[in-house]
Amino acid sequence: FHVTRVETKPYEGQKPGTSGLRKKVKVFTQPHYTENFVQSTFNALSTDKVRGATIVVSGDGRYFSKDAIQIIIKMAAANGVRRVWVGQNGLLSTPAVSAVIRERVGHDGSRATGAFILTASHNPGGPNEDFGIKYNMENGGPAPEAITDKIYENTKTIKEYFIAEDLPHVDISAIDVTSFGGPEGPFDVDVFDSASDYVKLMKSIFDFQSIQKLLSSPSFSFCFDGLHGVAGAYAKRIFVEELGAPESSLLNCTPKEDFGGGHPDPNLTYAKELVACMGLGKSNSQDEPPEFGAAADGDADRNMILGKRFFVTPSDSVAIIAANAVEAIPYFSSGLKGVARSMPTSAALDVVAKHLNLKFFEVPTGWKFFGNLMDAGLCSVCGEESFGTGSDHIREKDGIWAVLAWLSILAHKNKENLDGKKLVSVGDIVRQHWATYGRHYYTRYDYENVDSGAAKELMAYLIKLQSSLSEVNKIIKGICSDVSKVVHADEFEYKDPVDGSISKHQGIRYLFEDGSRLVFRLSGTGSEGATIRLYIEQYEKDPSKTGKDSQEALSPLVEVALKLSKMEEFTGRSAPTVIT
Ligand code: VG1
Ligand code: CO
């Protein structure tokens, strides 16, 4: 093949957000748009991570992935990359990409130094929906801000990109290595099985035998919803082939380019089928729901955990995993190095860390901040309120891992019960946890696609308000006398304890005397307008008061949040788009 230099001009707005660049497909398919971003990424990396290097390209299989893969292969060849690794059919979950970077050794002994992950995660897919590109580094984690800032700077000045236009279309549907000759020597495209490296890693972490016993017990039943995302490919291999769950326990586990027209977001709003199957929501099905249910998002890094008629909040989930990991999961048997959560995630994990005397970290939203802690050996288990849970086995959150972690805890707690005794249920485990550690009532209100100007004004207003706490407390008193008072308010700022880098403007916090919190943030993953996220949390230590409905328990605080922020006045919205 030959290298062609193509002249181009910058596009505005190619700034990677919380997790890569996410835009409508129609934006990505503009002439040179995708190429500009890919070249800007190559130019942001050190030469040794490009020339002669091995990089991974794959994703959740959403619409435009197959075209983007061919473009990136051609540009990689032209930029002097030695090998491109592609999951069969271009499919690799985000956690599997992380595992492949860290674990896979090529047939010639090569190892990958980075990856283009093609996904917009939980955002819908299809010709009129979202596409995304994210770059991950040698440790398997998302590029840190220093790199994403550089990528963005490059997109603003780009004049040219390089592409091997005459490189033939590579068949990515069959497992095979194809070699090409270029001006600098050979270039290989290695198409490999999407699941095997990941499955091997999971088997080294969990006790598959004990999970298999649980799944095959007649008293246990299980249901997993892949929401038509890439998780299905892994669910089949792991839950059915390895662990013996019946095929019928899988819902929507064939990956589709448009996720069946749905929103591949594992929460109570979008995972409708699973929610109904688990006896939650408005369904009045007569069938007895399964003991355990779970779902993952489009790229399979998020998870939702459900019990029979029971919802586990993600903030509780990570706390419960941390509290039980050492006993229930072989990978952690020698202890946890530390735990971490994102700032808006509830303090349930903090309480566990305190009880177990574990190192604890609070980082900004987005997985990239956990990676440094893990690389430095400071953190084993971490999570976010946004249905993200994971550990230092890779450098991404991991939906299937979270499901296996819960199955391990259930298997451990029910070791003696599998021959017909009453099972300890998901609900029992959570209630027991609240009894020991107290409960953090928690909810999140999302206002999607709000006018960007209005969203900024609301945030600016809240920051200004923070300058006088007495004024804030006066307003709150006028709204509701039932809530405690604000004792501290700020804009969250994080100093990375490993590299000392500082991340500013990471969300506005109002901290109350009784441990309650209100957090306001603007989303960094949307593709249109602005999304305001409002996080509401209240701590209850008294075991006699931990059984309330959470929306009910939080309603005074919600009222305060909405009125204090003048939400309706600024946004014109009388209700959020989604409540989780
Ligand atoms: C959201 C979540 C954040 C998560 C990010 C990526 O970001 O709040 O916790 O890490 O999505 O998740 P934001 O900036 O929109 O609030 V995924 O599964 O979409 O890659
Ligand atoms: Co995701």
Side-chain angles (χ1 to χ4, degrees), residues 15-22 59-62 92-98 117-125 130-136 141-143 145 148 226-227 229-231 234 259 263-267 270-271 295-304 313-315 317-318 340-346 362-371 382-390 394-402 442 444-450 455 459 492 503 505-508 519-535 577-578 580:
K15 186 176 169 53
T18 313
S19 191
L21 182 69
R22 289 184 192 174
D60 60 12
R62 68 179 55 229
L92 279 177
S93 71
T94 293
V97 170
S98 193
I117 310 183
L118 310 180
T119 174
S121 193
H122 56 289
N123 297 6
D130 287 5
F131 187 72
I133 303 183
K134 173 166 99 157
Y135 198 79
N136 276 32
E145 281 185 339
T148 53
L227 296 174
V230 74
Y234 300 86
F259 308 110
H263 221 116
D265 199 356
N267 59 38
Y270 294 124
D297 72 336
D299 62 333
D301 56 353
R302 297 186 176 203
N303 74 91
M304 175 167 70
T313 71
S315 297
S317 176
V318 63
R341 64 164 170 84
S342 67
M343 183 274 279
T345 303
S346 96
E362 179 180 37
V363 308
T365 298
W367 213 258
K368 53 189 167 221
F369 300 96
F370 294 124
C382 55
E384 295 191 278
E385 52 62 46
S386 54
F387 298 83
T389 329
I394 52 171
R395 296 295 179 271
E396 288 279 2
K397 56 186 182 269
D398 191 341
I400 301 272
W401 175 92
Y442 193 84
R444 182 177 109 182
Y445 280 33
D446 289 341
Y447 297 81
E448 290 173 1
N449 206 354
V450 166
M459 296 297 278
F492 182 61
S503 303
H505 310 299
Q506 296 297 325
I508 298 169
V519 173
F520 297 83
R521 265 187 79 242
L522 294 184
S523 155
T525 59
S527 61
E528 251 179 345
T531 293
I532 302 169
R533 302 201 197 287
L534 160 58
Y535 311 78
T577 325
V578 185
T580 48

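Counting convention: from 1, in listed order, for ligands and their atoms alike. Please read all numbers here as calculations on a predicted model, not as lab measurements.
- Of the residues N136, T94, I117, the one that meets the side chain to side chain contact (heavy atoms under 4.5 Å, CB included) test with P142 is N136.
- Among R22, R533, E396, the residue whose heavy atom lies nearest to atom 20 (O) of ligand 1 is R22.
- For a distance bound of 2.8 Å, the N, O or S atoms of D299 include one lying that close to the Co ion (ligand 2).
- With a heavy-atom cut-off of 4.0 Å, N123 does not touch ligand 1 at all.
- Near S19, meaning under 4.0 Å from any of its heavy atoms, are these atoms of ligand 1: 6 (C), 20 (O).
- Neither the backbone nor the side chain of K134 has any atom closer than 4.0 Å to an atom of ligand 1 (non-hydrogen atoms only).
- In the model, T531 has no side-chain atom that pairs as donor or acceptor with a side-chain atom of D446 under 3.5 Å.
- Close contacts between ligand 1 and S121 involve ligand atoms 17 (V), 18 (O), 19 (O), 20 (O) [criterion: under 4.0 Å to a heavy atom].
- The aromatic rings of Y270 and H263 sit parallel, their planes meeting at an angle under 30°, below the 60° perpendicular limit.
- Counting heavy atoms under 4.0 Å from ligand 1, residue S386 touches it through the side chain alone.
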List the steps and the verdict of side-chain contact (heavy atoms from CB on, under 4.5 Å) for F520 and M459.
CA-CA 8 Å; F520 297 83; M459 296 297 278; 4.1 Å; yes

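- Some N or O of R521 is nearer than 3.5 Å to an N or O of ligand 1, by distance alone.
- Shown in contact with D297 at under 4.0 Å from a heavy atom are these atoms of ligand 1, numbered in order with element: 18 (O).
- Between E396 and K134 there is a salt bridge, with a side-chain nitrogen of the basic residue lying less than 4.0 Å from a carboxylate oxygen of the acidic one.
- No donor-acceptor pair closer than 3.5 Å links the side chain of S98 to the backbone N or O of P95.
- By the 4.5 Å heavy-atom criterion applied to side chains, W401 and I394 are not counted as neighbours.
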Run the numbers on E362 and R341 for salt bridge (charged side-chain N to carboxylate O under 4.0 Å, His left out), then give the verdict.
CA-CA 5 Å; E362 179 180 37; R341 64 164 170 84; 3.0 Å; yes

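- Look at G388 and you'll find every heavy atom at least 4.0 Å from all atoms of ligand 1.
- With the Co ion (ligand 2) as the vertex, atom OD2 of D297 and atom OG of S121 span an angle of 90° (nearest 10 degrees).
- Side chains of T389 and N303: a donor on one and an acceptor on the other come within 3.5 Å.
- Residue E384 has at least one heavy-atom neighbour below 4.0 Å for each of these atoms of ligand 1: 3 (C), 4 (C), 9 (O), 10 (O).
- Looking only at N/O/S atoms, D301 comes nearest to the Co ion (ligand 2) through OD1.
- Considering M343, E385, K397 only, the shortest heavy-atom separation from atom 6 (C) of ligand 1 involves K397.
- Considering P314, C382, S315, S386 as possible partners of T345, the one that fulfils the side chain to side chain contact (heavy atoms under 4.5 Å, CB included) test is S315.
- Polar contact check, T365 against ligand 1: no nitrogen or oxygen pair lies under 3.5 Å apart.
- The ligand atoms of ligand 1 that sit less than 4.0 angstrom from a heavy atom of G366 are 10 (O).
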